[in-house]
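These notes are about the structure you will find just below.
What's counted below: heavy atoms across the whole structure, side chains too, no hydrogens, waters or symmetry copies. Small disclaimer: the values here were computed from a predicted structure and weren't measured. Proteins come first, then strands; the chains are lettered A, B, ... in the order of their sequence lines, and each starts at number 1.
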There are 2 protein chains.
Amino acid sequence: MPPTKVKSADPAATPKRQHKADAKAAAHPHAKPRPLTRIQREKQDVILEAALEVFSVHGFRGATIDQIAEVAGMSKPNLLYYFPRKEEIHRRLMAALLETWLAPLQSMDADGDPFPEIRSYIRRKLEMARDFPRESRLFANEMLQGAPRIIEMIEVDLKNLVDEKAKVLLTWMDQGKLARTDPYHLIFSIWATTQHYADFDVQVRAVLGSGRNGEGRFEDAARYLEQLFLYGLTPRPKA
Amino acid sequence: MPPTKVKSADPAATPKRQHKADAKAAAHPHAKPRPLTRIQREKQDVILEAALEVFSVHGFRGATIDQIAEVAGMSKPNLLYYFPRKEEIHRRLMAALLETWLAPLQSMDADGDPFPEIRSYIRRKLEMARDFPRESRLFANEMLQGAPRIIEMIEVDLKNLVDEKAKVLLTWMDQGKLARTDPYHLIFSIWATTQHYADFDVQVRAVLGSGRNGEGRFEDAARYLEQLFLYGLTPRPKA
DNA sequence: GGAAATTTTGACCAGTTGGAAAAATGTTAG
DNA sequence: CTAACATTTTTCCAACTGGTCAAAATTTCC
């Protein structure tokens, strides 16, 4: 082994002091974990908000605790008092995100008719791209990196949900209410087209220019996408 | 001004030694910049390849020179000999990327018919997502960060190209060969749906599962997208 | 009001990071 | 073969990084 560069392979081996709250909880596993104080709740929210801002732009590695602390308006050690590890902040963010992210697809109703359902799914996803662009970028950032921190959730929860909805789409196709096509790629295309307006926002703005165009881009996108998917997925008599 | 944290506001103020080649070039601005040696060309390629690997996953801030050097199989100072700054590596990568990236749209031919042209544009973009996923991710990473290092190129070259092709699409629509719709969002939707297969590859794989499904995903995507855009953009008699 | 608990601060630390300097080693054209 | 040049290695550095710790300041609860 070359003595020059030894990258500590086992970070968990480092003996690290426990966070106060953690230490206490560990001491009495059955004791109620003492409900969070007002300040704790507030500060944690401020920190998570700041972390969203920073992580969504620079990704996990590119973001620094100092940066997050600055955005959150507190000192680094103070921030570390609430979240003893950088990873912990990111984990919390991702956990909350996943739920929000799956909700719109979840509410696609098998008992409804395909076009209203698909249209309102597109609408909701587009609204999320408009109203929560940072969340979208945080998610995209994690994906680009290979989703190291949420891969299980993707493989289990997300996969199950998509499998379920793919079945719904197939049923609609069998009933002749929807053009026969690949339901998985159909879902992918809705994700892609809607999230594009959050993740590639700079590009969209730059191309549309800052004139009248750029302003109404979400409405225009909604109109365009509805037309594309409505016409694109209307069943046709076989050639 | 709080004396606590002063982040050096002017990094350019730091007196930095010039790279040998640069220094020479600066000394004799008219002298031929001495053609690159074989080794220089080879090593630069190796470095750019390694940098693509690393930057495309971690973004500019998240990537380290050490990492790139390791992937490139050389020491950090040795790498720095070829590219004296981290930013320079990234710049070179982005410059090369932009060209490659615009090519498929450029070749959309106004004299052709809309559906063959659009179909082959989709095909080419999908092939790029399959064959150059790292390039796609590098681009996506830059976008997520607000494209700080390529914003002018986006605002000028890309915008001009898209404006031009949007006109082509409008012409086709006027001729009744293509459904009347927003040409800009049409282009966005092609970008989004095709690049999705590179940028969100983990997710796509996870959802499709590793079975037969995952393998043929690019062919399936091609079929699905062709259908979506063909049907979705076929002109209709007005309601 | 005061003891106990919580929150904040400031000083500190070891490892990493981008980069500099110079010496040592290769390569190549004459 | 050798001088001039190109390349690589070794050593080093200051700034930044994630994180620790004890003490000080503040809040909470009786």
Side-chain angles (χ1 to χ4, degrees), chain A residues 2-24 34-44 46-47 51 54-55 58 60-70 72-90, chain B residues 2-24 33-44 46-47 51 54 58 60-70 72-90:
Chain A
T4 43
K5 207 180 288 180
V6 181
K7 36 187 60 177
S8 70
D10 187 7
T14 314
K16 29 185 85 133
R17 205 206 20 171
Q18 301 244 335
H19 186 228
K20 278 170 195 167
D22 293 349
K24 251 172 237 159
R34 193 188 295 280
L36 297 180
T37 66
R38 172 185 53 88
I39 294 183
Q40 278 167 346
R41 262 178 286 114
E42 288 175 4
K43 293 284 165 104
Q44 287 194 2
V46 172
I47 292 169
V54 179
F55 279 135
H58 295 291
F60 183 76
R61 283 226 48 190
T64 73
I65 297 183
D66 265 318
Q67 252 179 117
I68 298 171
E70 193 181 324
M74 63 179 74
S75 67
K76 179 170 61 166
N78 197 184
L79 183 151
L80 259 344
Y81 169 75
Y82 293 101
F83 291 91
R85 330 246 125 219
K86 187 186 179 186
E87 275 167 23
E88 184 58 21
I89 309 175
H90 195 266
Chain B
T4 43
K5 206 180 288 181
V6 180
K7 38 186 58 179
S8 68
D10 188 7
T14 314
K16 30 185 85 131
R17 206 208 17 176
Q18 301 243 336
H19 184 228
K20 278 171 193 166
D22 292 351
K24 249 172 236 159
R34 192 187 296 279
L36 298 181
T37 67
R38 173 183 51 87
I39 293 183
Q40 278 168 344
R41 263 177 286 115
E42 288 175 5
K43 293 284 166 103
Q44 287 194 3
V46 172
I47 292 169
V54 178
H58 295 292
F60 182 76
R61 283 228 48 193
T64 73
I65 298 183
D66 265 318
Q67 253 181 115
I68 298 170
E70 193 182 324
M74 63 180 75
S75 68
K76 179 171 63 168
N78 196 184
L79 182 152
L80 257 346
Y81 170 74
Y82 292 99
F83 290 91
R85 331 245 123 221
K86 186 185 178 184
E87 274 167 23
E88 185 56 24
I89 309 175
H90 195 266

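Between A:Ile89 atom CD1 and A:Ile68 atom CD1 the span is 5.0 Å, to the nearest 0.5 Å. How far NZ of B:Lys43 is from CZ of B:Phe83: 12.5 Å, rounded to the nearest 0.5 Å. The CZ atom of A:Arg61 sits 7.0 Å away from atom NZ of A:Lys86, with the distance rounded to the nearest 0.5 Å. A distance of 5.0 Å separates CD1 of B:Ile65 from CG of B:Leu80, quoted to the nearest 0.5 Å.
One interatomic measurement links the two molecules: CZ of B:Phe83 to C1' of D:dT7, which rounds to 15 Å at whole-angstrom precision. Summarising the geometry, the separation between CD1 on B:Ile65 and C1' on D:dC16 is reported as 14 Å, rounded to the nearest angstrom. Remark: C1' of D:dG18 and CD1 of A:Ile89 are 11 Å apart, rounded to the nearest angstrom. The CG atom of A:Asp66 sits 15 Å away from the C1' atom of C:dG15 (whole-angstrom rounding). Distance CD (B:Glu88) to P (C:dG19): 11 Å, rounded to an integer number of Å. Distance CG (A:Leu80) to P (C:dA11): 18 Å, rounded to an integer number of Å. Computed from coordinates, the A:Tyr81 OH to C:dA11 C1' distance equals 20 Å when rounded to whole Å. Put simply, CD1 on B:Ile68 is 11 Å from P on C:dG19, counting in whole angstrom units.
For B:Arg85 and C:dG18, the shortest distance from a side-chain N or O to OP1 or OP2 is not below 4.0 Å. Neither OP1 nor OP2 of C:dT6 sits under 4.0 Å from any side-chain N or O of A:Lys43. Dashed line: the shortest gap from a side-chain N or O of A:Ser75 to OP1 or OP2 of C:dT8 is not under 4.0 Å. Close to C:dG18, at under 4.0 Å from its OP1 or OP2, lies no side-chain N or O of B:Arg61.
Across every non-hydrogen atom of B:Ala72 and B:Ile47, the tightest pair is CB-CA, 4.3 Å.
Considering only side-chain atoms of B:Asn78, the nucleotide from D:dG19, D:dT8, C:dT8 that sits closest is D:dT8. Here C:dG18 is the nucleotide among C:dG18, C:dA20, D:dG18 with the atom lying nearest to any side-chain atom of B:Lys86. Among D:dT7, C:dT8, D:dG18, the nucleotide with an atom closest to any side-chain atom of B:Tyr82 is D:dT7.
Using a 30° and 60° split on the angle between ring planes, A:Phe55 and A:Phe60 fall in the parallel class, below 30°.
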For nucleotides 24-28 of chain D, print each protein N/O atom paired with a nucleotide N/O atom at under 3.5 Å, atom names and distance only.
residue : atom : partner : partner atom : Å
D:dT28  : OP1  : A:Arg38 : NH2          : 2.8

Would you list the protein and nucleotides 11-13 of chain D atom pairs, both N or O, that sit under 3.5 Å from each other?
none

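Other residues, nucleotides and ligands contribute over 12 non-hydrogen atoms within 6.0 Å of the CD atom of A:Glu42. For B:Glu88, the CD atom sits in a packed shell: over 12 heavy atoms of surrounding residues, nucleotides or ligands are nearer than 6.0 Å.
Using a 4.0 Å heavy-atom criterion, one finds that B:Ala69 contacts no nucleic acid atom at all.
If A:Leu79 and B:Ala63 are placed on DNA chain C by their nearest nucleotide, the residue sitting closer to the 5' end is A:Leu79.
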